[in-house]
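We name chains A, B, ... by the order of the sequence lines, and we start the count at 1 in each one.
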Amino acid sequence: MTTTTANTPQTMLSRIIAAGTHQRVLAFASLVVLLIGFSIASPNFMQTSNMIAILQATSVNGVLAVAVTLVIITGGIDLSVGTMMTFCAVITGVVLTYAGMPLLLGVFAAIATGALCGSMSGTFVAKMKIPPFIATLGMMLILKGLSLVISGTRPIYFNDTPGFSLISRGSIIGDIFPAMPIPNGVLILFIVAGVTAYILNRTVLGRYCFALGSNEESVRLSGVNTDRWKIAIYALAGGIVGIAGLLIASRLNSAQPALGLGYELEAIAAVVIGGTSLSGGRGSILGSLIGALIMAVLTNGLRVLSVAQEWQTVVTGAIIILAVYADMMRRKGAS
Amino acid sequence: MTTTTANTPQTMLSRIIAAGTHQRVLAFASLVVLLIGFSIASPNFMQTSNMIAILQATSVNGVLAVAVTLVIITGGIDLSVGTMMTFCAVITGVVLTYAGMPLLLGVFAAIATGALCGSMSGTFVAKMKIPPFIATLGMMLILKGLSLVISGTRPIYFNDTPGFSLISRGSIIGDIFPAMPIPNGVLILFIVAGVTAYILNRTVLGRYCFALGSNEESVRLSGVNTDRWKIAIYALAGGIVGIAGLLIASRLNSAQPALGLGYELEAIAAVVIGGTSLSGGRGSILGSLIGALIMAVLTNGLRVLSVAQEWQTVVTGAIIILAVYADMMRRKGAS
Amino acid sequence: AQDIYIPLISKGFQHQFWQAVKSGADQAAAEFGVRITFEGPDNETMVDRQIDMLAAALANNPSAIGFAALDSQAAIPLLQQAADAGIPVIAFDSGVESDIPATTATTDNVAAAALAADKMAELIGGAGKVAVVAHDQTSRTGIDRRDGFLNQIEANYPDIEVVSVQYGAGDQLQSTEVAKAILTANPDLVGMFGTNEGSAIGIVNAIREMATEGVTIIGYDSGKAQTDAIREGLMAGAITQNPVGIGYETVKAAVAAMNGEELPAIIDTGFYYYDQSNIDDAEIQAVLYD
Amino acid sequence: MSYLVEMRGIEKRFPGVHALKSVQFNLRPGEVHALMGENGAGKSTLMKIMSGIYARDGGEMFVDGTPVAPDSPRAAQDLGIGIIHQELSLMNDLTAAQNVLIGREPRRSFGRLDEPELNRRAAEIFASLRLAMDPRTKVSTQTIARQQLIEIAKALSYNPRVLIMDEPTAALNDAEIAELFAVIAKLKADGVGIVYISHRMDEIKRIADRVTILRDGAYIDTLDAADTPLSKIIQLMVGREVTQSRATVPDLSQAPVALEVRGLSRGKDVRDVSFSVRKGEILGFAGLMGAGRTEVARIIFGADPRDAGEIRVGGYAVDILTPHAAVQAGIGYLSEDRKHFGLAVDMTVRANIAMANMAQFTSRTGVLDEGAMKRIAVDYISRLGIRTPSDMQAVRLLSGGNQQKVVIAKWLLRDCDVLIFDEPTRGIDVGAKSEIYALLEDLAAQGRAIIVISSELPEVMRLSHRIAVMCEGRLTGILPGGAQTTQEQIMELATRRDSALTVAEDA
Ligand SMILES: Nc1ncnc2c1ncn2[C@@H]1O[C@H](COP(=O)(O)OP(=O)(O)OP(=O)(O)O)[C@@H](O)[C@H]1O
Ligand SMILES: Nc1ncnc2c1ncn2[C@@H]1O[C@H](COP(=O)(O)OP(=O)(O)OP(=O)(O)O)[C@@H](O)[C@H]1O
Ligand SMILES: [Mg+2]
Ligand SMILES: [Mg+2]
């Protein structure tokens, strides 16, 4: 790790990349291979509009993967991210559409709801010593049900809050550089990833993330209040999930209360493809981002190639195994 | 699989229970509390027919939970059990309906297919060093796709094999004791669980299951061919999944190629509720069985009480957390 | 010359219903000499996955698009993009609340479920307890069929009580367990309605496993298990849509729209009630799949 | 007389074990108080009570004369009591500095870490220990010896008034031990009270002021170290005389060669190592920490790949790529790191003893013969004096030395033609050590070839028929065993940093 103190944007970027290479994010090579392969296979793949579609498709899963990375590094797992995202979206819908509050309050509500739910999971895990798998499985079901209850099993539309759909669909970058109409959702993904990577590598919270995943008992014996930190980490992850809730709601211009199941597996898969170990102690945000991109490129590419849907699944499964295998080989070669 | 040497039913049963208490299967108490609670809440709950319905509902998930317990004890995870079950069912459909082979060959095909798929996952994990999460996620997708491809995305019906539906629905016990019309599916679940518990606690394979989950490197340095054993364990788990495939196909009298996703999470949940640790080295079949029963009782009970669906989910989530919490407390009290 | 490419983005893929739609579309594709692809998400909650599919389809510069919206609002920006590019959009199965689609090939699910309610009332003599096993709590088809049935009962049959509505996700096994629980809780039940193939087969399985008698079952869609149950007399009858017709009409309309032809706002592909008496009629056989 | 810490009538019970029976102990400022006893005597347990990890079942404890009951390590730290555990408990994925200062990271605003400051402070602590360690190295890449040093640095960083050292030198070699003793002397001068636990008897004489002896969880006596001969202490510990003898070297010139290694190389760690062992011979391996002895053993055993070299067993070249192949070829290896590589600590004593030898207990159908396993386990428990309530006890719950005995039992049972023991007596008490030496000699007498890697020179000299010495990955010489070889000769070879390979005796 580097020891610079000034924080110019460049050094920040280089730091994140350095932190990434430090964790040997070799999954990157698989991503490049996939991109090249699909470009050769279909002339339609490498269009700007399709690249943006891929990034857009990554945004929600990417943010969820970032959140779940934190929890996985502590040695835990979070199965509730999918339905928690939905729950946050529904709460935002209640605040904005049912209560007619201003946009900013809706944004705040989503993040606060996520943080609250996260801290509940964290409390179950830290204080009640419930295995993370069960604690977050329980939360997953509870939040799934509550989303339906609160929304009355109907989608909540944001038609009365015109600015809302811009959160994900607008393009600040596109306004400045019309040639690069990158949607805000993608920008938000990168900002979230950057900030989280910074927290993970440069702050006490991040340090305890790794420490807890490495040897929780030893951290506790060193007099650290591990319970409190664990709750904080789950809460942070929850807040990030809240952002994912905003992104998906904004993209669909509605809070879809039934959505969410299955997203947790995809997010965890992205994290693991990115080289983070499920046994904790090791991992990187950059890796998870690349993992999420690999999955999005794979799905999009196979669709653009018009591969029959049943074969898409087969090929996706095989390529995921191969990508991780290639990654293991490169890692072995590097060490 | 083993051939038992002089195993009277009683000693076998007592052994399984002993092995269970050894692992402190305290989840049992939660099961009893649930049963009593629902009996009080609804007079319709404690009927023989409903008890049998609950057992029947446990059969498929129970067999899957037994399979996944083996893998989890080695410190791995198996996400492919749901779609592998479907794949085995489809292959049986091909053998029995498309090729018109005799029933026994269909049964053999299901188990052999499962064992083959399992040994493939095992090879990915053991030889190629791919994390179990990714290896079995890949298998899950591959098998999901292949089921659709092979079946032509159509269900395969077993109308030409009249005996087939008896595998799950017939009742050998009921033929002998008409007062206890326990379906064969349930009987098969208990036999599978009993045999697997025996393998786990009394054979080398079982011993290496625990040892690999406890400290794989130390087992390898003891001169054990860990790769081979790991593959064998995944293959055994796969064979058991094949039995689940038979059960579900027989119950639906068809192989439904689209079914299967989501069953893995339910099976893993049953295992964890039953007290098996996801970090490996500890666990019991009896626990997983009780875990699967808890989930079946919970779903059935809430449905019999006609709780609104959205609240069913909330309550299920909360009770799962509570049951495991109560379990942790009792465990703590016991030690 | 570039071939004519029409991607169909549906609400599902593996389900028999959608496969029947696909086969209709394939039929039309062969007839009109166009290339189609057919895709849909794993289940009807995955609204954003469907949007991603639509985005990937647009990347291939299609000649026209067929789209069965899970949520019509969510897709509007992409549909607008298609409209701007001059790509005609044909809605199928359920409508898109927008004037972008050139036409909509669909079944009136509300009316179809109301017909199921009428048949149920007729068969149980206009009185008694009935229950519904639905496939989905939030999807358009799930809501329309459930409410179509419930509202018709409420409006016209005061002596029929709907005691329970539960959901089995269209999964046969889960629907079986749901139906069994309903039967356990309501021993005096006289009728059950399943809102799609999986739900209906779940009910049949439950009745079979519990050896219950005297419950009238009405199903929805077709599939071998369901038609068999009707032939055996276990199931009284079922509503069927015309999925093959939906697929066929969608592609046909797409070709027409490309050629600038006028299209009606709605192409109603119709629905039918079938039972032992008419199951072998040619008209019914044409819309059944198994 | 004011004591820094005083403990009286301490009681502690575990399921099936009465670990401490009314034990007393006291510590003065500026003294080194050695706590002695056999494996499982209760030393670690007593110290865990003092440092707030276990709650006592009975008795009282005073710090500066005030009664205290520390209920957590943090509470004990606040009382000024620090501990270096017998078993390593570091965070492997973190760096050395991050480990040492965990919980006390220098921070900037908003919870940001001051990493340069963190590394600087850690570097200071390492410097005060005269430990050459980059604060930024990851702990998992370090050998256990160096990990042990990081643990020591961590404990010292709290500036404790009472420092408990539970077998700090078990993994260290002489040079590092000397450094550690220098640090201890400095701490003593600053008035720190030190509790010192070790099974290396010579150390007691070198640094201890007083000695307290426990046996079977009971308090025996507290003595002045200076006036008490070692033999007396040993006798109080084990309740009998232990004789120390030197090896009698048999004539093995006619015995066939059991293992021959030619030109073994792997990177910088092992460079062109060649040697052979005859049947019935005990070949000792001496050298400083990191000399490459462990690596040589791991390569022979197939646990690590090699770049070059040939291995012959019983005269035939064998291609060993996995430990499984090694065991098939008749080679066994007892690792120096029992916790990571030797034991499945969550499993029972019985299961661990049988682990390398499952075929012996398996019927043709794969069913295990628990009865036979039990008989064998019980036999080894009594032969090695493993202190455990039963053979079904989880190994995790045994004392450190008893865990080591379980690993030894595992390999004794396997009965290989060539047995490599890496630090076999780490953490084992004097009494048991001589038992184990006798067992090794027995095995040799039965015609097994035995390699003993040890960082304790007395042990190497006590056991070896010949002594191979390594330095920086090279085999710098092979000396004859028995009385004619001196420590100085070994040390000379162990520090010979030139590349000329001198063979003191025709190998
Ligand atoms: N947590 C525990 N549960 C059960 N028994 C325990 C536990 N900890 C220690 N014991 C038992 O208490 C006794 C004393 O153990 P302790 O670790 O104090 O021994 P020790 O004197 O430090 O031995 P060694 O020299 O081998 O480290 C042993 O018999 C051990 O098996
Ligand atoms: N796990 C490891 N990771 C990185 N380097 C290692 C590791 N183990 C050993 N080494 C390095 O390999 C070299 C040889 O170490 P080895 O452990 O074989 O020495 P040794 O003579 O057995 O000494 P010790 O007394 O420490 O066991 C040393 O430079 C050491 O730092
Ligand atoms: Mg000890
Ligand atoms: Mg060594």
*Asks:* Can you tell which of Val315(A), Leu79(A), Val324(A), Leu143(A) has the highest number of heavy-atom pairs within less than 4.5 Å of chain B?
*Replies:*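 Most heavy-atom pairs within the cutoff with chain B belong to Val324(A).
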*Asks:* Measure distances from Leu261(A) to the heavy atoms of chain B and classify the residue's part below 4.5 Å as side chain, backbone, both or neither.
*Replies:*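 Interface part for Leu261(A): neither.
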*Asks:* Of the backbone (N, CA, C, O) and the side chain (C-beta and beyond), which part of Ala269(A) lies under 4.5 Å from a heavy atom of chain B, both, or neither?
*Replies:*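 Both the backbone and the side chain of Ala269(A) come within 4.5 Å of chain B.
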*Asks:* Counting heavy-atom pairs under 4.5 Å to chain A, which of Ile130(B), Ile77(B), Ile273(B) comes out on top?
*Replies:*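 It is Ile130(B).
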*Asks:* CD1 of Ile321(A) to CE of Met128(B): how many Å apart, nearest 0.5 Å?
*Replies:*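 Result: 7.0 Å between the selected atoms.
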*Asks:* Can you run down the salt bridge (charged side-chain N to carboxylate O under 4.0 Å, His left out) pairs that involve residues 263-275 of chain A, sequence neighbours left out, and say none if there aren't any?
*Replies:*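 Every salt bridge (charged side-chain N to carboxylate O under 4.0 Å, His left out) pair that includes a residue of residues 263-275 of chain A, provided the two are not neighbours, is Glu266(A)-Arg49(C).
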*Asks:* Within this structure, what is the NZ-OG1 distance for the pair Lys144(A) and Thr316(B), rounded to the nearest 0.5 Å?
*Replies:*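 One gets 9.0 Å once the value is rounded to the nearest 0.5 Å.
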*Asks:* With chain B as the partner, which of Ile319(A), Val272(A), Leu322(A), Thr313(A) has the greatest number of non-hydrogen pairs under 4.5 Å?
*Replies:*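 Most pairs with chain B among the choices: Thr313(A).
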*Asks:* Heavy-atom distance under 4.5 Å between the side chains of Ile320(A) and Ile134(B), does that happen here?
*Replies:*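 Yes - at least one pair of side-chain heavy atoms lies under 4.5 Å apart.
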*Asks:* So for Leu137(A), is it side chain, backbone, both, or neither that comes closer than 4.5 Å to the heavy atoms of chain B?
*Replies:*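 Just its side chain gets close to chain B.
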*Asks:* Tell me, side chain or backbone of Thr153(A) under 4.5 Å from chain B's heavy atoms, or both, or neither?
*Replies:*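 Only the side chain of Thr153(A) comes within 4.5 Å of chain B.
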*Asks:* Side chain to side chain contact (heavy atoms under 4.5 Å, CB included) for Leu265(B) and Met140(A)? Distances and angles first, verdict last.
*Replies:* CA-CA 12 Å; Leu265(B) 210 61; Met140(A) 158 176 143; 3.7 Å; yes
*Asks:* Below 4.5 Å from any heavy atom of chain A, which atoms of Ile268(B) appear? Answer side chain, backbone, both or neither.
*Replies:*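 Both the backbone and the side chain of Ile268(B) come within 4.5 Å of chain A.
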*Asks:* Restricting to ring pair (Phe, Tyr, Trp, His ring centres under 6.0 Å), what partner residues turn up for Phe38(B), sequence neighbours left out?
*Replies:*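 For Phe38(B), the residues satisfying ring pair (Phe, Tyr, Trp, His ring centres under 6.0 Å) (neighbours in sequence not counted) are Phe45(B).
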*Asks:* Can you tell me how far the CH2 atom of Trp311(B) sits from the CG atom of Leu148(A), to the nearest 0.5 Å?
*Replies:*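 One gets 11.0 Å once the value is rounded to the nearest 0.5 Å.
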*Asks:* Are the side chains of Pro131(B) and Met328(A) in touch, meaning some heavy atoms are under 4.5 Å apart?
*Replies:*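 Side chain of Pro131(B) against side chain of Met328(A), heavy atoms only: contact under 4.5 Å found.
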*Asks:* Which atoms of Leu146(B) are under 4.5 Å from chain A, going by heavy atoms: the side chain, the backbone, both sets, or neither?
*Replies:*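 Looking at Leu146(B), backbone and side chain both touch chain A.
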